[in-house]
Amino acid sequence: MPLFSVNDRQQPVANTHTGQIAGTRQDQLAIFKGIPYAAPPVGERRWRAPQPAEAWQGIKAAVEFAPACPQLSSAFTDVPGQARNEDCLYLNIWSPASDDNKDLPVIVWIHGGGYSFGSTAQPIFNGENLAKKGVVFVSIAYRLGPLGFFAHPELSAENAHGVSGNYGLQDQVAALKWVQQNIHHFGGSADNVTIMGESAGAISVSLLAASPLAHGLFHKAIAESGASFANAVANGNIAQSVKPLATAEAMGQQFSQSAGLSLAELRALPAEELLEKVPRQSELVLESSWPVFDGYVIADDPITLYENGQQNDTPILIGTNAAEGSLFFQQTTLAQFQQLLKAQFGADSDIGFKAYPASNDAEALTAQQNLFRDLAFAWHSWTWAKLQSKTGTGAVYSYYFNHTPPAFPNMPSFGPTHAAEMSYVFDLLTPPRAWTAADQQLADTMSSYWVNFAKTGNPNSAGLPEWPAWDNAAPQVLHFTPEPTVGAVANLEQLEAIDLFFQHARG
């Protein structure tokens with residue numbers, strides 16, 4: 001039986017456990033978009049764990065992206081013309097497989113967006129060029145914002161595990177289970193699955209790497225600019241920390257009371273109206289839009305789990321960018337930075353002032369950007385690398401992206417900022433940016449490393465600079481510039497200062 005049959009319109013047709021789907025052919029790839037992996041989380045299914053997708057008769061068209069999950073508009077993530085709908089639990093597949101080229105490695109992409117924004121239809125998430133290098137590429141949608149992470153005592157009471165929130169993370173687990181059950185129909189190997197994400201997607205990868213619900217569902221992990229290892233000291237001020245369930249429930253209860261609506265009324269409220277009522281935690285994150293330390297999906301503090309060797313032990317490829325913070329902060333004053341640093345470090349503010357000195361507004365802006373880079377991104381990745389190397393058997397490969405891509409026309413350059421590496425990882429250097437031959441070479445190099453890692457758990461291959469595995473005794477990192485080089489951990493003094501702060505906070 002051929003891997004893909006064709007219908008009367010010469011479209012590739014694939015089987016799934018719920019029915020047949022018809023996709024498209026493009027450049028030797030079979031592409032399927034908008035495949036349901038779970039039932040629509042609407043009505044009484046809102047704020048509940050994802051349920052199995054329903055079967056259908058005949059052949060379902062899978063040629064267009066599904067609507068994005070409900071979210072407010074954002075210049076960073078909006079896709080012109082894409083609808084938004086609470087019925088949004090779909091995934092997409094780019095497959096280079098054929099009858100005699102099966103059992104390929106699989107990459108499952110989890111998009112970022114602060115758990116509040118984003119969709120699989122964003123052009124930068126096109127899996128075409130990665131698939132052409134020999135992997136089956138899957139991108140998954142998951143519930144966002146308060147629809148994905150709202151916690152409330154009444155929701156916990158109606159849940160069999162006594163928890164609420166983390167529906168978005170459970171969606172990701174459900175999508176990985178779908179992959180295990182179906183990916184062989186698309187030429188992929190269920191025994192060679194890599195989860196990969198950036199920003200909030202990378203945080204998701206780190207949480208799945210520590211979650212018992214995801215055990216056995218993947219075999220390697222890639223996390224770009226994101227992880228979450230500050231959960232035991234979460235206090236609302238720590239970037240990327242996960243709120244304790246009691247705190248999240250209290251926030252949900254307070255929101256319900258301030259809105260003057262019961263839980264039943266909130267559940268019946270149209271998604272767009274619900275989103276409009278939720279305050280913004282920041283420009284990029286809504287309140288009630290972050291994972292919850294619930295003891296179920298996130299079974300324990302990840303540091304504790306790793307210290308005890310209870311993680312989902314796989315090879316990991318992780319890293320951060322040199323100017324992560326420049327996208328989030330473009331102006332500040334010395335006084336504002338000093339106030340921020342005191343609020344962030346509290347009694348340990350002297351540690352912060354020593355690690356991030358500033359004597360004027362210009363220096364304060366640089367210090368603030370670097371503080372955000374390290375506190376929100378680099379410390380978490382550094383900590384993850386050390387913990388996995390200490391108690392795991394899966395190798396760690398760490399990178400530092402330090403190349404400035406061409407700026408968009410009529411926009412300032414933010415340097416190697418947050419998300420700057422993605423065009424290179426996806427090997428998608430598209431207009432209108434003025435890409436150079438050096439950019440093209442770096443994109444080919446980085447995408448090759450990523451695909452190699454998905455294939456074998458080791459990014460190295462002939463023709464690429466050797467990328468050494470992490471060694472806690474003498475850690476080395478691959479620094480991505482047009483000519484990648486191996487070097488020491490970047491900004492180590494600042495990371496050690498933040499680590500000292502967290503040690504004090506943990507007691």
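- N460 and N458 are linked by a side-chain donor-acceptor pair at a separation below 3.5 angstrom, with hydrogens and angles left out of the test.
- Remark: side-chain polar atoms of W467 are paired, donor with acceptor, to backbone N or O of S398 under 3.5 angstrom.
- Between the side chains of T16 and N182, no donor-acceptor pair of N or O atoms lies under 3.5 Å.
- When ring centroids are compared, Y115 and W290 come within the 6.0 Å threshold.
- Nearest heavy-atom pair, R143 versus P41, reported as atom, atom and distance to 0.1 Å: NH1-CB, 3.5 Å.
- Between F4 and P12, the closest heavy-atom pair is CB-CB, 4.2 Å.
- The two atoms that bring L275 and P70 nearest to each other are CD1-C, 3.6 Å, heavy atoms only.
- Side-chain atoms of N92 and W94 form no donor-acceptor pair, as typed in the model, at a separation below 3.5 Å.
- Heavy atoms only, all atoms of each residue included: K386 and N472 are closest at O-ND2, 3.0 Å.
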With side chain to side chain contact (heavy atoms under 4.5 Å, CB included) as the criterion, how do L130 and D427 come out once you've worked through the C-alpha distance, each side chain's angles and the decisive distance to 0.1 Å? CA-CA 7 Å; L130 288 177; D427 198 8; 5.6 Å; no
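- For the pair P105/T194, no side-chain contact is recorded, criterion being any heavy-atom separation below 4.5 Å from C-beta on.
- At least one side-chain heavy atom of P291 sits under 4.5 Å from a side-chain heavy atom of I298.
- Here the CD1-CG distance, from I203 to L208, works out to 12.0 Å after rounding to the nearest 0.5 Å.
- Side chain of R373 to backbone of A322: a donor-acceptor contact under 3.5 angstrom is found.
- Side chain to side chain, N166 and Q170 fail the donor-acceptor criterion of an N or O pair below 3.5 Å.
- Aromatic ring centres of F377 and F372: separated by under 6.0 Å.
- Side chain of N491 to main chain of Q494: no donor-acceptor pair is present (N/O by atom type, distance under 3.5 Å, no hydrogens or angles).
- Checked by atom type and distance alone, the side chain of Y167 pairs as donor or acceptor with a backbone atom of G165 at under 3.5 Å.
- Under the 3.5 Å distance criterion, the side-chain polar atoms of D171 are left unmatched by any main-chain donor or acceptor of L89.
- Proximity of W379 to F229: side-chain heavy atoms (C-beta onward) are separated by under 4.5 Å at one or more points.
- Between the side chain of Q369 and the backbone N or O of T366, no donor-acceptor pair lies under 3.5 Å.
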Given H380 and I318, is the side chain to side chain contact (heavy atoms under 4.5 Å, CB included) satisfied, shown in steps? CA-CA 10 Å; H380 297 266; I318 54 179; over 6 Å; no
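- A donor-acceptor pair under 3.5 Å links the side-chain atoms of T391 to the main chain of Y306, judged by distance alone.
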Pair Y37-K177, side chain to side chain contact (heavy atoms under 4.5 Å, CB included): steps then yes or no: CA-CA 9 Å; Y37 70 81; K177 289 180 177 178; over 6 Å; no
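- To the nearest 0.5 Å, atom OG1 of residue T320 and atom CD of residue E421 are 9.5 Å apart.
- We find the CD-OG1 distance between Q476 and T485 to be 10.5 Å, quoted to the nearest 0.5 Å.
- Between the Q71 side chain and the G118 main chain, a donor and an acceptor come within less than 3.5 Å of each other.
- Across every non-hydrogen atom of L428 and P123, the tightest pair is CD1-O, 3.8 Å.
- Atom CD1 in I316 sits 9.5 Å away from atom OG in S206 (nearest 0.5 Å).
- Between V63 and Q11 there is a side-chain heavy-atom pair separated by less than 4.5 Å.
- Other residues, nucleotides and ligands contribute over 12 non-hydrogen atoms within 6.0 Å of the CD atom of Q330.
- Using bins of under 30°, 30° to 60° and over 60° for the plane-to-plane angle, the ring pair F328/H418 lands in the tilted bin.
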Applying side chain to side chain contact (heavy atoms under 4.5 Å, CB included), run through L492 and W382 and close with a yes or a no. CA-CA 9 Å; L492 183 59; W382 178 64; 3.9 Å; yes
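- Smallest separation of non-hydrogen atoms from L495 and A490: CD1-O, 3.7 Å.
- Annotation for K132: atom NZ counts as buried by contact number, over 12 foreign heavy atoms lying within 6.0 Å.
- Under the 6.0 Å cut-off for aromatic ring centres, Y397 and W450 do not qualify, their centroids lying 6.0 Å or more apart.
- Note on ring orientation: taking the six-membered ring where Trp is involved, the planes of F32 and F186 are perpendicular (angle over 60°, cut-offs 30° and 60°).
- D313 places a side-chain heavy atom less than 4.5 Å from the side chain of Q388.
- Distance alone, capped at 3.5 Å, is enough to place a donor-acceptor pair between the N312 side chain and the S211 backbone.
- Ring orientation note: the planes of F480 and F401 are tilted relative to one another, at an angle of 30° to 60°.
- Side-chain atoms of L144 and H111, non-hydrogen and from C-beta on, do get closer than 4.5 Å to each other.
- In this pair, Y424 and W435 present their aromatic rings perpendicular. The plane angle is above 60°, beyond the 30 to 60° band.
- Not one N or O on the side chain of N101 forms a donor-acceptor pair closer than 3.5 Å with the backbone of A97.
- Rounding to the nearest 0.5 angstrom, the gap separating the CG atom in D78 from the OG atom in S73 is 4.5 Å.
- Of the candidates P315, S448, S461, P315 is the only one forming a side chain to side chain contact (heavy atoms under 4.5 Å, CB included) with F453.
- Heavy-atom neighbours of H17 NE2 from other residues, nucleotides or ligands within 6.0 Å: above the threshold of 12.
- In this structure, L478 CG and M446 CE are separated by 8.5 Å, a value rounded to the nearest 0.5 Å.
- Contact of the F125 side chain with the W109 side chain is registered, since non-hydrogen atoms from C-beta on lie closer than 4.5 Å.
- Taking the six-membered ring for Trp and the full ring otherwise, F426 and F137 have centroids separated by under 6.0 Å.
- Two residues are said to be in side-chain contact when any heavy atoms from C-beta on lie closer than 4.5 Å; V193 and L217 fail this criterion.
- The environment of E64 atom CD is sparse: at most 12 non-hydrogen atoms of other residues, nucleotides or ligands sit within 6.0 angstrom.
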